[in-house]
Structures are given as structure tokens and as C-alpha cells.
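Take a look at the structure below.
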Amino acid sequence: MATFLYRLGRLAFRRRWYAALIWVLLLVLAGTGAATASKSTNNDFSIPGTEAQAAFDLLEQRFPGQMPDGASARVVFKAPDGQKITDAKNQQAVEKAIAELKGPQVDKAGNPFETPGAVSKDGTVAYSSVSYQAKPQDLTDATRDNLKDAARHGRDSGLTVEIGGSALQSMPEGGSEAIGIVVSAIVLLITFSSLVAAGLPLLTAIIGVGIGVSSITALAPVLDLSTNTSTLAMMIGLAVGIDYALFIVSRYRAELAEGREREEAAGRAVGTAGSAVVFAGLTVVIALAGLAVVNIPMLTKMGMAAAGTVAIAVLIALTLIPALLGFAGRKVLARKDRKREGVPAAGGKPNMGTRWARFVLRKPVWVLAAGVLGLGAIAVPAASLQLGLPDDGAASKSSTQRKAYDLLAEGFGPGFNGPLMVVTDAAKAKDPKAAANTVVDTIKGMDDVAMVTPAAFNKAGDTATITVVPKSKPTGTKTEDLVHAIRAEGSKIKADSGAKVLVTGSTAMNIDVSQKLNDALLPYLALVVGLAFVLLMVVFRSVLVPLKAALGFLLSVVAALGAVVAVFQWGWLGGLFGVEETGPIMSMMPIFMVGVVFGLAMDYEVFLVTRMREAFVHGERPGQAVVTGFKHGARVVSAAAVIMISVFAGFIGSSESMIKMIGFGLAVAVFFDAFIVRMAIVPAVLALLGKGAWWLPSWLARILPNVDVEGEGLQKQLAQTVTKGDDRDPDADGDRELARV
């Protein structure tokens, strides 16, 4: 592989105009597709194979045209202190506000004084349910303004008016990624001491993300992609795009420092660092694409889209970076280095990476113990992990959605915000009505039930819906126990009457998705870690190095989950990160972090340890190989980690709770993995293992393909060329060699 990539790097360097033109054309095509595509996206959340989804599908089949498909809003009114919402003046103000809810997208707005149960028992709070003929993401600004204006006019009459529901569902805010880009630019400038060298990774990363996100936007209507898909792709694409380019540019500068010609340096940089980029990118793609095993369509699409963006980043690093290096000329070097270009740098004071590696080699047991115990302590909160999906109760306390949520809980009870829908499929029952009434009576006798509505049958009379309002809040454990209790009693009712009882609704959906994700975590972990373990064995030709990499990853990801629980569930340092409301951790977070963090963690493993493997293969002792790896790679890996952390951390400022949590989780995970696992635990373990770290059984060595990531075969080939003393024009020879590619 190293030889092929070496030729590819030289080809891209020599034919730089063609390489640059191809990527510019791809960017224009993707941008045109995004600009002309429908802006409609799909945020529907389905979980095949669960009872809640089966019930929902049954309702769509048995109640055709009656299941809400568009956006909805719940306008909540509260009377001034000491007054009733039913007082003539207040009632008139409510009805006037509701009458203003009109427009081409408005379906209907209910009058609370004509809707049973829409006024609280104490008469202080009432709500109007508003339905729309368009999905939340398709509502126009005029429609949303109409809703806000109606609420404002209600407030002008002295009422407290707040709005909940999906109608005000906001698109994820842009601009947060700019923080990460600015920090990345500063880090790159410090690392390279050259504006041109610092700008190349940023430019190529932006081009890659532009192509990836534009493609996602263009395909969103066709593939039913959610609004968060492009945000995730941007987050990961920026991080890996900058990092991959950083490693290529850094290796190119190192080759120049050893006296190579520019084209030769580009070829060697792509042949060596590029090989690491390919395999690092493969681990990320495997981890992201592997999310498909969970069988949650939205998660699968997010993973595939992000994996595609990572693949683009790899291709850009291998082709566009060497092309741009050709355009950059001598400006890619720092000013002090341009004066001695072509002259190998003289030895001087050991750099920080060298000094740190030597320290670890002297104290491997102490460093290993400190790293493991430190991450272990941070991981402790993960034992208290509670999973759920965010609702308006997790919104900012200053938002109208959260205020509406609290008003409804105050007027109608905490469980009103998360009612359960019990579906009775009585198609095979002898007496459908009797079976449905049995379900109602059974639920009324259960604990934690505030209200049960009578069974409402469809026209065919074979299916009934029953609304159950719990006493507890939607995310409470008592509500979850109630769902399980209804399902358990449903099994008995089916045995007695033949009627099938299913529980659905947002609360039941949250419970089911959490369970599904928990059940899928171990198989997914086995799949991803297993495939990556094999991949790393091929890369490092070792058994213990991949094993150490996998164990280190598990330690860092559990520690990151512990930090997420401490901040978002327990509230520690919540104010620092803009967490206004604590609650359960998003159900997708553990399995998502396993996938993404594993892929990103392997980046640093491949980049850092490949350089050690390269030194070991070329004859250095195991300890010296560790020092060499840190000498050449520690500074760049540190810069890459800081860049990736800053990109992820930039999304902590998002108003979208899911994006905020993912940004924080990935940022701390990369910090733990890069600076504690890879920079401390890895060299300590390698120091203790010595030569045994690179052990590979002979029978396995014969089976595994030799992909030559460290460039051993390339070095031999180049050495043979030099030994032969070939005095032909190297450029002409290069043309003939590249033509064969």
C-alpha cells in the first residue's frame, strides 16, 4: 500500500491542476444539488421491532387518515393570580387568541372551553391543541409568527401564555463550529509557524465538509434524513479532515527537512503518513457504518452519512493535499526553515515528546497506574447512568416550550406531559367492547395512574384506543414501571379474551428505544472492536498492540460516559457548560459514543504507534522505537487532539440538547484517549512489554496480508533505486512510473 500511495502522492503533486480542478468541480456539483433540493427533512423517529412502534403502525392501519402527521402546538393559558381562566374576561381573551390562529397551514385550533379535560380542575390553567397540515420542518416563518403573535396578544390581556409542541421546533443553530475552526487555526499556526501550512488543513477540511454536507442536504428529501444528520457529519468531518491533512503536511515538512526534493517529499509523505490515514479512516468508517446493527433507521442514516464524510476526508488528504503542497512551494515551511531548505536539520535539544517518552520509560508502572486509576475514578458516575430521550422538560428554563411544560404539570399533574396510549387489538376477540372495558378497569386499579379515558373504537369496531395519564413525570421510574405493568397485564388479558394490548406514545417509545439500544450495545461493541482488532493486527502485525488499543479505548469511553453523567445527569459544573436542566442521558449516547470514539481513538493509535513500528522495523530497540515515535509524532498528535477537541467543544454551545451532549461527550473522550491513554498508558505498556509488544505467531503472520503501512517495502524499493546508481532523468522516470498507476 505504501508504494501505491507514494505513486499517488507524486501523481497528485505533479498533476496538481487536475487534482484541484476535480475537487472544485465536486464541490460545485454538491453545492448545486443542495441549493436546488427540497428543503424538507424527516425527523420522524421509528424503532422497528418494538411494541411501541408496532402499536403505532397498527393505529395507522386501523385508523386511516386519523393519525396526526403534521406539526402540532399546545398553547397554554394561565389566569392571573387570584383569578380563574373561566372568568368572563379571561375566557374572552383566550378565545380571541385562539381565533387568531389561522392561515393556509393551520388545520384546527381547539377551544379549551369546548374540549373535555382542557381546563384544569382548579380552573386556573387551560390549553388549546393546534394541529397543522405540514410537518414541523415545513412550517413557514409566517405560520410560526402567527402562533407567536397569538400568544403575545394573550399576554397583552394579562394572561400567562406559553407554547409547547413541535410547531416551534427549531433547526439546529449554525455557527458553533466556527469556534472550533478558530481554535484549530491558532493551533495549526503554532504547530507549523507558517500561515500557508496552517491554512492547508483548514482549507481542505472545509472543502471536504462542504462536499459531504451539501451531498447530505441534496439527498435529504430522497433518503428521509433528519436535520441532525448534517450537523453530525459536519462535526466529525471537520475534526478528521483537519487531523488527516495535518499528518500529511507534517510528514511532508519532515521529509523536506531531511533534504528531499518537493515531489519526492510529497510522495513519501502520502506513502507513509497517508497509509496511517487510510487505516485510521477505515476504523472510523467501520465504527460509524456499524451503527446499522442497532436497526434504528435514524441512527443508521446518521452513521452512514458521517462515514461518507470521513471517506471524503481520507480521499482529500491523499490527493488534494499533495496537489496544494505543489502550489504552496517554499511557503509551506516556516521562514527560518526556508533558509536551510534541502539541508537536514542539525540535532539539538530533545523536544518535549522525546523527554516525555524517556520519562515514561523510566517510570512505566507509575505512569500506567496513575492513568488507569485516574480514568477509573472519572468513570465511576457511569454506574448511575439513566437513559431517556429529551422532551420539552429538558429544554432551557427560559424557553416558552419549557414554561408551557411546567404550566401543564402544575395544572394537570406531572404525567400529563407524557400520556400513554394503550391500543387494544380486538379483531380476534369474541366481544371487543368487553375486552376493551376489561383493559380500562384493569389499568384504573394500577398504582401511579391519574386518569384513564373510556375506550374509543374505530369504525370497524375491532380496535380501541385508551389514554392513560400517569401520576409521575414522563422520565420517572414509576412511569416506566407502569408501562411494564400494563404490558404484563395485557398478556393475561390476551390469554383470557383474545384481545392484544399494546402500549405506545412518546413515553413508551422512549422506554423501548432505551431497551433496544441497551440490548444492541454488546453485539455492536463486539462487531466494531472485532473488525477493528483484525484491521489493527494487519496494520501493526502484532497481537498485543491491538489488544492494548482496544482496552485503552474501553477505558477512555467509559470515563467519558462518567463525565457525561456527572455534568448532564448530576449537574456537576452544569452551569459552565450551559446545562440548565439535568435529566436522563440521551438513549443513543452510549452506543453512539462507542462507535464514534472508537474510530477517532484508533486515529491516534495508528498515527503514533505506526511511527514506533516503523522505527522498530528499521532496527531500533523497542524502547528507542517508543522514543522515536514520540519524537516525531507527539507534537503533531497533540496538535491534532487539541484541534479535534476544539471542534467538538464548539458544538457544546448549541441550543439542541442532543448536539450539546454529543459535542461534550466526544470532546472529553478525545481528551482522555489522546492525552491519557495514547500519550501515557500506551508508552507505559509498550515499555513493560518490550520486544514482546510486536509478537505475532508465525502461522498468523503467514495468513495476514502485509500492507506495509510503515513503508518498509517502499524504503527498500527506493534504496535499491539509489544503489543501482541510475543516472536517468528522475522526472522522466517518474512520469513513466506514474503513468503505470
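Reckoned from all heavy atoms, side chains included, excluding hydrogens, waters and symmetry mates. The first residue in the sequence is number 1, and the count goes up from there. Bear in mind that the values here come from a model prediction, so they are computed numbers and not experimental data.
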Exercise for the section: Only pairs at least two apart or in different chains count here, so list each salt bridge (Lys or Arg N to Asp or Glu O under 4.0 Å) that has a residue in residues 510-528. Expected result: Arg487-Asp512
Completion exercise
Only residue of Ile321, Val636, Thr272 satisfying side chain to side chain contact (heavy atoms under 4.5 Å, CB included) with Phe247 is Val636
Exercise for the section: Would you indicate whether Lys548, at its atom NZ, is surrounded by more than 12 heavy atoms from other residues, nucleotides or ligands within a distance under 6.0 Å? Expected result: yes
Handout entry: Atom pair CD1/NZ of Ile216 and Lys301 - distance to nearest 0.5 Å
Key = 13.0 Å
Handout entry: Phe192 vs Leu246 side-chain heavy atoms within contact, under 4.5 Å
Key = yes
Problem - Pair Asn510-Thr507, side-chain donor/acceptor within less than 3.5 Å - result: no
Handout entry: Audit row: Leu299, Leu517, side chain to side chain contact (heavy atoms under 4.5 Å, CB included) steps and yes/no
Key = CA-CA 11 Å; Leu299 191 60; Leu517 288 166; 4.1 Å; yes
Exercise for the section: Heavy atoms only: give me the nearest Glu480-Ile511 pair and the separation to one decimal. Expected result: CA-CD1, 3.6 Å
Handout entry: Any donor-acceptor N/O pair, Arg355 side chain to Pro350 backbone, under 3.5 Å
Key = yes
Practice task
Please report the C-alpha distance between Phe533 and Leu547 in whole Å, then the side-chain angles of each, then the deciding distance to 0.1 Å, and finally whether the side chain to side chain contact (heavy atoms under 4.5 Å, CB included) criterion is met.
Solution key: CA-CA 7 Å; Phe533 183 82; Leu547 179 61; 3.9 Å; yes
Exercise for the section: For Phe577, enumerate each residue passing the ring-ring contact (aromatic ring centres under 6.0 Å, His included) test, keeping only those at least two apart in sequence or located in another chain. Expected result: Phe664
Exercise for the section: Please confirm whether the backbone N or O of Ala287 pairs with a side-chain atom of Tyr524, one donor and one acceptor, at under 3.5 Å? Expected result: yes
Handout entry: Where Pro697 and Val543 come nearest, the two heavy atoms and their spacing
Key = CD-CG2, 3.8 Å
Show me the donor-acceptor pairs, under 3.5 Å and distance only, between side chains in residues 373-382 and residues at least two apart or in other chains.
none

Handout entry: Pairwise side-chain hydrogen bond (donor to acceptor under 3.5 Å, both in side chains) hits with a residue in residues 564-577, at least two apart
Key = none
Could you give the side-chain donor-acceptor pairs of residues 584-602 under 3.5 Å, partners two or more places apart or in another chain?
residue : atom : partner : partner atom : Å
Ser587  : OG   : Gly388  : N            : 3.4
Ser587  : OG   : Gly388  : O            : 3.2
Ser587  : OG   : Ser514  : OG           : 2.6

Handout entry: 4.5 Å side-chain heavy-atom contact, Val538 and Pro705
Key = yes
Problem - Positive for side chain to side chain contact (heavy atoms under 4.5 Å, CB included) with Met644, one of Ile242, Leu238, Val240 - result: Val240
Tell me which donor-acceptor pairs under 3.5 Å the side chains of residues 672-681 have, and how far apart each pair is, sequence neighbours excluded?
residue : atom : partner : partner atom : Å
Asp673  : OD1  : Ser556  : OG           : 2.9
Asp673  : OD1  : Arg678  : NH2          : 3.1
Asp673  : OD2  : Arg678  : NE           : 2.7
Arg678  : NH1  : Glu605  : OE1          : 2.5
Arg678  : NH2  : Ala549  : O            : 3.3

Fill in the blank from the handout: All heavy atoms of Ala639 vs all of Thr191, minimum pair found to be CB-OG1, 3.4 Å
Problem - Smallest separation among heavy atoms of Ala667 and Ala649, with atom names - result: CB-N, 4.0 Å
Handout entry: Approximate separation, where rounding is to 0.5 Å, of Leu318 CG and Ser275 OG
Key = 8.5 Å
Completion exercise
Note: Asp243 and Ala640 closest approach over all heavy atoms is OD1-O, 3.0 Å
Handout entry: Inter-residue atom distance Leu232.CG - Leu288.CG, 0.5 Å rounding
Key = 7.5 Å
Practice task
Output yes when a side-chain donor or acceptor of Arg541 lies under 3.5 Å from a complementary backbone atom of Ala701, and no otherwise.
Solution key: yes
